[in-house]
Amino acid sequence: MATVFEEKNIPKAVMRMGLPAMLGQLTTLIYNIADTFFVSLTKEPAMIAAVTLCTPILLFIMSVASIFGMGGNSVIARLLGEDKNEEVRSTLNFCLYAMVFSGIVILLTGILFLEPIAKISGADTENMAYTYSYLKYIFLGAPFIILSNGFVHLLRSLGFIKESTIGLALGNTVNIVFDFVLIVLLGWGTAGAALATSFGFFCSTIYYLVFMVRAARKGNQLASLSIKQFAPHKKMVFSVVGIGIPGALITVLLSVSNIVLNNLIGVYGSNAVASYGIAYKVDMVPIMLSVGLSQGVAPLVGYYYGAGKKDRMAQAVKISVIYGILLGAIFLAVFCLFGTKLASVFLHEESLIHQAGYFISILGLSAPMLGVIHMITSYFQALGAAVKSLLITVLRNVILFIPAVIILNSFWQLDGVIAAQPIVETVLAILCIVMYARDSCVRKLVTLD
């Protein structure tokens, strides 16, 4: 663990923490794209639309993992920097048991209210049956979806970077294999896609549990899953949840904004939803890689903060932002040059291919901004500045995005709806830079005092 957090070369430390997390997100991207690709082989736009409509619900379930995974990640990293190992074990166990309970509650709630949730997602008579089938198996897998995603963050905070990535890759590989079997060979459509997703998360959860048990048996006291370590107290719970909720709201509000977006695009028909669905899946590549980089570096930032190494913390943030901007610029160029070719991998109708390719090039304009937005958000989360990280989330998904989508739709219809994302992300990136600069100045003044 010291070899990771005490690495003297900051760029190297950033890559050691960030690259495995990015690779883990890359496997998630591959499974997401494979999911859509196998469904697209049915040549049924309504099925593609259904998967698109269900994505916000899947993101919502994952957001629960963020409450205890990202919240625990921030608290544990700072506790390690302060050398408070007993509190680390207690925090870890609270987060894990809380995720188990939350998963069971979501499973029961989702199954009981399946049809209303499908309607809220934006399903219509054309794709309702497909949406219903997908959601059923996603809710059945909710406990494992939450545990798997939460484990990723918690293991990173403990320094188990490689193991968190292996579990993520394992689950996504299983998902892809079962996508092929259930969708292509057995013809189960959206039900097969959802079942493969849930089973993939089940497998990664089992891997993480086995790893933790083995690590504890080998003498790693931080990896203990003993019920005796489950000793939550008010301060610890509020610390985890206080950071975790803003982290979760990133996903929840993204789901809300996507539901609004899907309903507006739905006015233009299933073909428009399908085209946007493909463009959004492709655009998730730079988004998820940027998220992986920022989330991977977050424990490093938290550790430096807890250990009082403010200069190293600032350097880690700066280098991560630069890496993120360069990565986004590369994807912007690729999307503008090859957007139509990328769309043709998933779609078969010429009109849909050109429409999706156009959407991809527009969405790609926001890629360079992601490195700034995601890293500054992770910076505030790592420091325990819950209000500031929440403010960025609310600005993006509520205050800026939803009004922008509605206003631009009224002026330029579908083109305006798609253009809302790069416009909003550009404004938000500028605001994030201002917030970070102001926060850094305040902390320097406090240090001088």
Side-chain angles (χ1 to χ4, degrees), residues 29 32-56 59 121-128 130-131 134 183 189-190 193 254 257-288 328 331-367 369-370 401-402 404-426:
L29 284 167
N32 269 302
I33 292 173
D35 217 33
T36 304
F37 173 73
F38 288 126
V39 171
S40 73
L41 293 180
T42 64
K43 299 183 180 181
E44 177 55 69
M47 279 196 187
I48 301 174
V51 173
T52 302
L53 294 173
C54 293
T55 297
L59 290 175
S121 299
D124 55 24
T125 53
E126 189 176 1
N127 52 49
M128 173 60 78
Y130 300 131
T131 303
Y134 191 94
I183 299 172
T190 54
L254 179 61
S257 62
N258 278 343
I259 288 173
V260 172
L261 188 64
N262 287 336
N263 277 276
L264 281 172
I265 295 176
V267 173
Y268 301 98
S270 282
N271 283 350
V273 175
S275 295
Y276 172 73
I278 296 302
Y280 182 73
K281 288 287 186 181
V282 173
D283 188 50
M284 285 297 288
V285 177
I287 291 174
M288 296 296 282
F331 277 102
L332 170 58
V334 171
F335 287 175
C336 289
L337 293 172
F338 306 107
T340 302
K341 290 185 178 179
L342 291 171
S344 67
V345 175
F346 305 95
L347 297 168
H348 305 281
E349 294 183 24
E350 197 67 28
S351 60
L352 291 182
I353 290 173
H354 284 289
Q355 186 177 48
Y358 171 69
F359 289 169
I360 289 170
S361 62
I362 297 300
L363 294 178
L365 294 172
S366 62
M369 317 303 168
L370 300 175
F401 188 74
I402 293 178
V405 168
I406 295 172
I407 293 170
L408 293 175
N409 177 63
S410 65
F411 281 100
W412 294 291
Q413 288 73 50
L414 186 57
D415 286 345
V417 174
I418 304 302
Q421 177 175 310
I423 292 173
V424 168
E425 304 286 25
T426 301

Heavy-atom closest contact (Ala356 atom, Ser275 atom, distance): CB-O, 3.7 Å
Distance (rounded to the nearest 0.5 Å) between Tyr280 OH and Ile360 CD1: 14.0 Å
Closest heavy-atom pair and its distance - Gly357, Ala343: N-CB, 3.7 Å
Heavy atoms from other residues, nucleotides or ligands near OH of Tyr268 exceed 12 (cutoff 6.0 Å): yes
Smallest separation among heavy atoms of Leu332 and Ala367, with atom names: N-CB, 4.4 Å
Val282 side chain near Phe338 side chain, heavy-atom distance below 4.5 Å: no
Side chain to side chain, Val417 and Ile265, heavy atoms closer than 4.5 Å: yes
Side chain to side chain, Leu363 and Phe335, heavy atoms closer than 4.5 Å: no
Distance, nearest 0.5 Å, that separates CD of Glu349 from OG of Ser344: 14.0 Å
CG-CG distance between Leu352 and Leu347, expressed to the nearest 0.5 angstrom: 5.5 Å
Separation between CG of Asn409 and CD1 of Ile418, rounded to the nearest 0.5 Å: 10.0 Å
Straight-line distance of Ile407 CD1 to Trp412 CH2, nearest 0.5 Å: 10.0 Å
Full working for side-chain contact (heavy atoms from CB on, under 4.5 Å) between Leu261 and Gln421: CA-CA 10 Å; Leu261 188 64; Gln421 177 175 310; 6.0 Å; no
Closest non-hydrogen atom pair, Glu425 against Met369: O-CB, 3.7 Å
Which atom of Ala272 lies closest to which atom of Leu414, heavy atoms considered: CB-CD2, 4.2 Å
Value rounded to 0.5 Å, distance of OG1 in Thr340 from CD in Glu350: 9.0 Å
Exercise: identify the closest heavy-atom pair between Leu408 and Ala420: CD1-CA, 3.7 Å
Heavy-atom donor-acceptor pair, Thr190 side chain to Tyr130 backbone, under 3.5 Å: yes
